[in-house]
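One structure is given here, and the rest of the page talks about it.
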Amino acid sequence: MIAEVIVDVAAYPIDRPFDYKIPELFAGFVEPGMRVKVPFGPRKVVGYVIALKQESDVDISKLKPLDELIDFEPILSPELLELSEWLATDTLAYRIEALQVMLPAAMRAKYEKFIQVEDPDAITDTEFANMLRGRDRIPLKLADTKELLKQLKNYVDSGAVRVDTLVKQQTAVKKVRMIHIAESEELHLLLASVSKQAVKQRILLEWMIEHAGQSIEAGKLIAESGVSSTVLKTIIEKGAAQERKTEVYREPEAFELRDTAIPKQLTSHQQHAVDEVLDAFRSGSDTTFLLHGITGSGKTEVYLRTIDEVLSSGQEAIVLVPEISLTPQMTSRFKDRFGDQVAVMHSALSAGEKYDEWRKIHRKQVKVVVGARSAIFAPFEKLGIIILDEEHESTYKQEDSPRYHARDVAIWRAQFNHCPVILGSATPALESYARTSKEVYRLLELPTRAKDQALPNVTIVDMRAELKDGNRSMFSVPLAEAVRDRLDKGQQTVLFLNKRGFSSFVLCRDCGTTIQCPNCDISLTYHRASESLKCHYCGHEERVPHVCPECESEHIRFFGTGTQKAEEEITKLFPEARVLRMDVDTTRKKGSHARLLQKFSEGQADILLGTQMIAKGLDFPNITLVGVLAADTTLHLADFRAAEKTFQLLTQVSGRAGRHDLEGEVFVQTYTPEHYAIELAKAQVYEPFYHMEMTSRKQFGYPPFFYIVNIQFSHEDLMKVVGYADKAARFLAEGLSPESVIIGPTASAISRVNNRYRYQCLIKYKKEPKLTETLQALIRFYRTDWIKDGLLLSVDKSPVVIY
DNA sequence: AGCACGCCGACT
DNA sequence: GTCGGCGTGCTC
C-alpha cells in the first residue's frame with residue numbers, strides 16, 4: 001500500500017501530495033486523516049495522509065517508507081479532508097495551511113534541533129565541552145556564540161557530533177497524579193512498622209487510615225493531610241498507596257450569570273421559523289436560512305429549539321458566535337439547556353483547554369459546539385445543523401491565510417452533510433439579505449420582540465448644536481440628564497464609545513505634531529500604564545518624550561485611551577456613580593471579561609463604559625439607558641462598508657436597553673445627524689436602510705453588485721513594490737475578461753508598515769470564469785520568482801476590510 | 001521552506 | 001591550499 005501525504009512545508013513546489021510506502025509494521029493501521037512522520041529530503045517532517053492507493057506514478061524505488069504514525073486513529077474525517085482541498089483552492093492557500101487550520105494549535109508540529117554527540121572523546125574544545133556539561137544531547141539553541149557555532153560545524157564535519165531535528169508534538173494531554181490509598185489493614189501494619197520519630201509519616205498514615213481505599217488527587221491529598229510531597233513519596237514507596245496518572249480535561253474557569261428563563265411559549269414568528277428549519281432538517285435539505293430578527297426577538301430561542309430536535313435525532317450541531325468570550329450569556333444558555341453535551345471553543349481558552357475541548361468533540365463526548373470562527377471545523381460526523389449568530393460580523397473572516405469566511409465553510413459543510421444552515425442577525429450583511437431576494441437563502445423574519453416590549457426610544461443628539469452652545473465635553477446635556485435620572489432611580493446605564501477616532505495619541509499644541517512610528521506610516525499610541533508610546537502595527541515602543549521632538553516645546557499633550565478619558569469625565573460629572581470600564585486594557589487578563597459582566601449584572605455598578613465588546617449579547621433587566629458617545633467615528637472610515645457598520649453597531653447597541661420589563665431609552669451623539677445610517681438606526685428599521693445602501697453600492701460598483709478581490713503588495717523598496725504591483729495589474733488585465741474592472745495599483749491607506757511600503761490592487765467583477773485560474777497564475781509568479789526578490793503578496797477574495 | 005551541493009574569492 | 005560566501009536544485 002502507498003500513502004499520499006501532504007507534508008508540513010509551505011512552499012510552492014511542495015504544495016502537492018507526496019507518495020510513501022507503508023512499511024509492513026504499519027500495514028492495515030494507516031488511514032487517511034492520520035498524521036505521520038516522514039523523511040523528506042534530508043530531514044523528517046510531519047505529514048497528513050490524505051489518501052491510500054495501490055500504485056504510484058513515481059518509480060517504486062524512489063519511494064521512501066513512512067517513518068512513524070503520530071495518530072492511531074484519523075484526526076481528520078473524509079469530509080474535512082475533502083473540505084481542505086476546496087478551502088485551499090478557494091482561498092488560494094497552501095493545502096497544508098488548510099489542513100492545519102482545522103486542528104487546534106496545540107496539535108501543530110514543532111521542530112526542535114538538537115546536537116547529538118557521537119564521539120565524546122573527539123571533543124577537545126573546552127568551551128564546547130562546557131556547553132555540553134557531560135550530556136550527549138543538548139538543544140541546538142545553547143550554541144549561541146559565533147565561536148561555538150564554528151566549533152559545532154567542525155565537529156559535524158568530522159562526524160563527532162550530529163545535528164538532528166526532532167519533530168515535537170505539543171499536544172499536551174493533561175494528567176493528574178491520582179493516589180490510590182491501600183486498605184485499612186495494610187495501613188495499620190505499616191503504621192506499626194514506622195519509627196516513632198517519623199512524626200509526619202505517622203500523621204499521613206493516620207490520615208490515610210481514615211480514607212482507606214479511596215482515590216484522591218495528589219495535590220488535594222497534600223493539602224488535606226497537611227504533609228509535604230516528600231513524605232507522601234516515602235509513604236507511597238513503603239506501599240501505603242499506589243500512584244497512577246489519569247488523563248483529565250482542563251476545566252476552563254466557569255462563570256455564572258443570571259440566565260433568562262426558558263420561555264414556555266414561542267411567538268408565532270419564532271414557531272414558524274423553528275418549523276421551517278426543522279422541515280428542512282427532517283427532509284435532509286441543505287437550505288440556508290437567513291433569520292432576520294430584531295434585537296430582543298428571541299433568535300437564540302429559535303436556535304435552542306432546533307438544536308434540541310437535531311440532538312434528539314442523534315445528530316450534532318455547530319453554533320458560531322462572533323467572539324464567544326464576549327457573550328458569556330450566550331454560552332451559559334447553551335450549557336443550561338444542553339448541559340455537558342456542549343463544548344465551548346473561544347479565544348480566551350489556553351491552547352491546552354482548546355485541545356481538550358477539541359478532543360471532547362473528536363471522541364464524540366459532546367453533541368454541540370459553541371465557538372468562534374474556527375469551531376466551524378469541529379470534527380463532527382453527523383452534523384444536523386450549523387448556526388452562525390450575528391452573521392454580519394467581520395470576525396467570521398480570517399485575516400490570514402487561509403483567508404476563509406466561516407459562512408462559506410458552513411454552507412460547504414451543510415451541503416456535504418445535507419443539513420440546513422441558519423444565519424442569524426438583526427442587521428444582516430447586505431450580501432446575505434440580497435441573497436434572500438435572489439432566493440439563494442431563505443428569509444425568516446422575527447419582526448417583534450419576544451416579550452412584546454417596545455423597542456427603546458432613540459434620540460439623536462446633534463453635537464454641533466451642543467458645541468455651539470458652549471458644551472465642549474463628551475456628554476451632551478440630554479445624555480447627562482438621562483444618566484442623572486437613572487442614577488436617581490437606581491437603574492443601570494451602558495455607555496458606548498467607539499474607540500477609533502478617539503485613539504490615544506500625542507499631540508504638540510504648539511506645532512501640531514503627532515508622534516509617528518519610525519517604521520510605519522501611522523501615529524504612535526499612548527499607553528498610560530507603561531508611560532510609553534507603542535505602534536500597533538510593528539510593535540515599536542518608545543518612552544514618552546517630555547518635549548516635542550519637532551519644536552522642542554513643552555506643551556505636549558497625551559490623550560489617554562478614549563475610555564479612560566470618558567471615565568474621567570464621568571467621575572467629574574457624576575462623582576457618586578460607580579463606573580465599570582470595559583476595554584482592551586481592563587479585560588486583558590483571563591476571565592476578567594466575565595468578572596466585569598458578573599459585577600455589572602449583580603448591580604455592583606451604575607454605569608458600564610466600554611468599546612465594541614459591550615455592543616453584543618448584554619442582556620440585563622436593569623439596563624434602561626444606552627448612550628453612544630460618538631456615533632460618527634465609524635462613519636468616516638475609508639471603507640465602503642462604513643455606513644453599514646455604523647448602522648449595525650447603532651442597532652446592536654440600542655438593543656441593549658429595555659429588553660425586559662423596564663422601558664429602554666437610547667441617546668446617540670453625532671456630528672452628522674442627517675446621515676441615513678444614523679437616521680434609520682434611530683427608527684430601527686432594517687429594510688429602508690438596506691434599500692438606501694444598495695442604491696449607493698450599485699452606484700459605486702461595490703458588493704453585493706460586484707465581487708471584490710484585494711491584492712496586497714509590500715516591499716522594503718518603494719520602487720520595487722510599485723514595479724511588481726504594476727506588473728501584476730497588467731497581468732490581471734490581460735488574463736481577465738474585459739468586463740472586470742481593475743483598480744490600481746494604489747498605495748494602501750497605511751502606506752508603510754514595519755518599513756515595508758504597501759500597495760494594493762482591487763479587482764471588481766460580476767462574473768469572472770477565469771478568476772481562479774488567473775489568480776493561481778499570478779500566485780505562481782509570486783511564489784516562484786517575486787518572493788525571492790523580497791516581495792510579499794497576498795490575495796484576499798471578498799475582503800471584509802480594505803486597509 | 002530547508003537543506004545539500006557546488007563553484008569562486010580571501011584568509012592561515 | 002581551505003574556509004565560507006550564497007546561487008541552484010531537489011524533496012515521494
Side-chain angles (χ1 to χ4, degrees), chain A residues 1-27 30-70 81 85 88 92-101 108-116 124-125 128 139-141 143 145-168 400-402 779-794:
Chain A
M1 278 290 243
I2 286 158
E4 269 186 45
V5 175
I6 300 287
V7 294
D8 181 14
V9 178
Y12 186 74
I14 315 300
D15 191 25
R16 61 190 175 84
F18 285 80
D19 292 349
Y20 285 87
K21 282 190 278 205
I22 298 175
E24 191 49 42
L25 178 65
F26 301 148
V30 184
E31 282 178 62
M34 287 179 176
R35 291 171 301 166
V36 289
K37 204 193 281 182
V38 292
F40 194 67
R43 63 210 161 114
K44 300 257 196 295
V45 294
V46 168
Y48 293 75
V49 178
I50 54 157
L52 297 180
K53 55 189 183 182
Q54 294 295 339
E55 306 215 340
S56 173
D57 298 335
V58 183
D59 192 280
I60 191 92
S61 63
K62 284 186 77 182
L63 296 190
K64 293 181 187 173
L66 300 176
D67 224 49
E68 223 175 84
L69 300 188
I70 297 175
L81 286 175
E85 193 178 1
L92 300 138
Y94 293 118
R95 181 81 185 272
I96 188 69
E97 293 176 313
L99 289 164
Q100 288 185 146
V101 79
R108 247 159 265 171
K110 275 256 171 78
Y111 299 90
E112 260 181 74
K113 286 181 183 166
F114 284 90
I115 300 171
Q116 176 76 45
T124 49
D125 297 278
F128 202 84
L140 179 69
K141 58 172 182 274
T145 66
K146 192 129 196 183
E147 189 54 34
L148 282 168
L149 284 170
K150 213 168 135 191
Q151 290 166 2
L152 174 64
K153 190 174 180 340
N154 288 335
Y155 289 130
V156 170
D157 288 351
S158 72
V161 306
R162 203 180 64 207
V163 172
D164 58 8
T165 314
L166 187 79
V167 182
K168 255 185 91 172
D400 39 43
S401 190
I779 288 255
R780 192 198 159 101
F781 281 128
Y782 161 62
R783 287 178 180 169
T784 52
D785 288 327
W786 302 354
I787 194 170
K788 294 195 189 107
D789 197 21
L791 183 80
L792 284 180
L793 179 154
S794 72

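Chain letters run A, B, ... following the sequence lines, proteins first and then strands; every chain starts at 1. This one's a predicted model, so the numbers in the text were calculated from it and none came from an experiment.
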Exercise. Given A/Val9 and A/Arg43, is the side-chain contact (heavy atoms from CB on, under 4.5 Å) satisfied, shown in steps?
Worked result: CA-CA 12 Å; A/Val9 178; A/Arg43 63 210 161 114; 3.9 Å; yes
Problem set entry | Between C/dC12 (P) and A/Lys37 (NZ): distance, integer Å | 16 Å
For this session: Give me the one residue out of A/Val46, A/Asp15, A/Leu99 that meets side chain to side chain contact (heavy atoms under 4.5 Å, CB included) with A/Ile6.
Result: A/Leu99
For this session: Please state whether the phosphate of C/dT8, meaning OP1 or OP2, lies under 4.0 angstrom from any side-chain nitrogen or oxygen of A/Lys788.
Result: no
For this session: Indicate the ring-plane relationship of A/Phe781 and A/Trp786, choosing parallel, tilted or perpendicular according to the 30° and 60° boundaries.
Result: parallel
For this session: Looking at every strand, decide which applies to A/Tyr20 at a 4.0 Å heavy-atom threshold: base, sugar-phosphate, or nothing.
Result: sugar-phosphate
Problem set entry | Distance in angstrom units between A/Arg43 CZ and C/dT11 C1', rounded | 8 Å
Exercise. Once you round it to whole Å, what is the distance between P of B/dA1 and NZ of A/Lys44?
Worked result: 22 Å
Exercise. How far apart are the C-alpha atoms of A/Val7 and A/Ile14, what are their side-chain angles, what is the distance that settles it, and do they pass the side-chain contact (heavy atoms from CB on, under 4.5 Å) test?
Worked result: CA-CA 8 Å; A/Val7 294; A/Ile14 315 300; 3.5 Å; yes
Exercise. What's the closest nucleotide to the A/Ile14 side chain, out of C/dC12, B/dC3, C/dT11?
Worked result: C/dT11
Exercise. Whole Å only: how far is the CZ atom of A/Phe18 from the P atom of C/dC10?
Worked result: 12 Å
Problem set entry | Under-4.0 Å side-chain N/O to phosphate OP1/OP2 contact, A/Lys64 with C/dC12 | yes
For this session: Would you kindly give the OH-to-P distance between A/Tyr12 and C/dG9, to the nearest whole Å?
Result: 17 Å
Exercise. Is a salt bridge present between A/Asp8 and A/Arg35, judged by a nitrogen-to-oxygen distance below 4.0 Å?
Worked result: no
Exercise. Checking all strands, does A/Pro13 fall into the base, sugar-phosphate, or nothing category for heavy-atom contacts under 4.0 angstrom?
Worked result: base
Exercise. Expressed in angstrom and rounded to an integer, what is the separation of A/Gln100 atom CD from B/dA1 atom C1'?
Worked result: 13 Å
Exercise. Between A/Lys21 (NZ) and C/dT11 (P), how many Å, whole number?
Worked result: 15 Å
Problem set entry | Rounded interatomic separation in angstrom, taking OH from A/Tyr782 and P from B/dA1 | 8 Å
Seminar exercise, completed: Looking only at B/dA1, B/dA4, C/dC12, the nucleotide nearest the A/Arg16 side chain is C/dC12
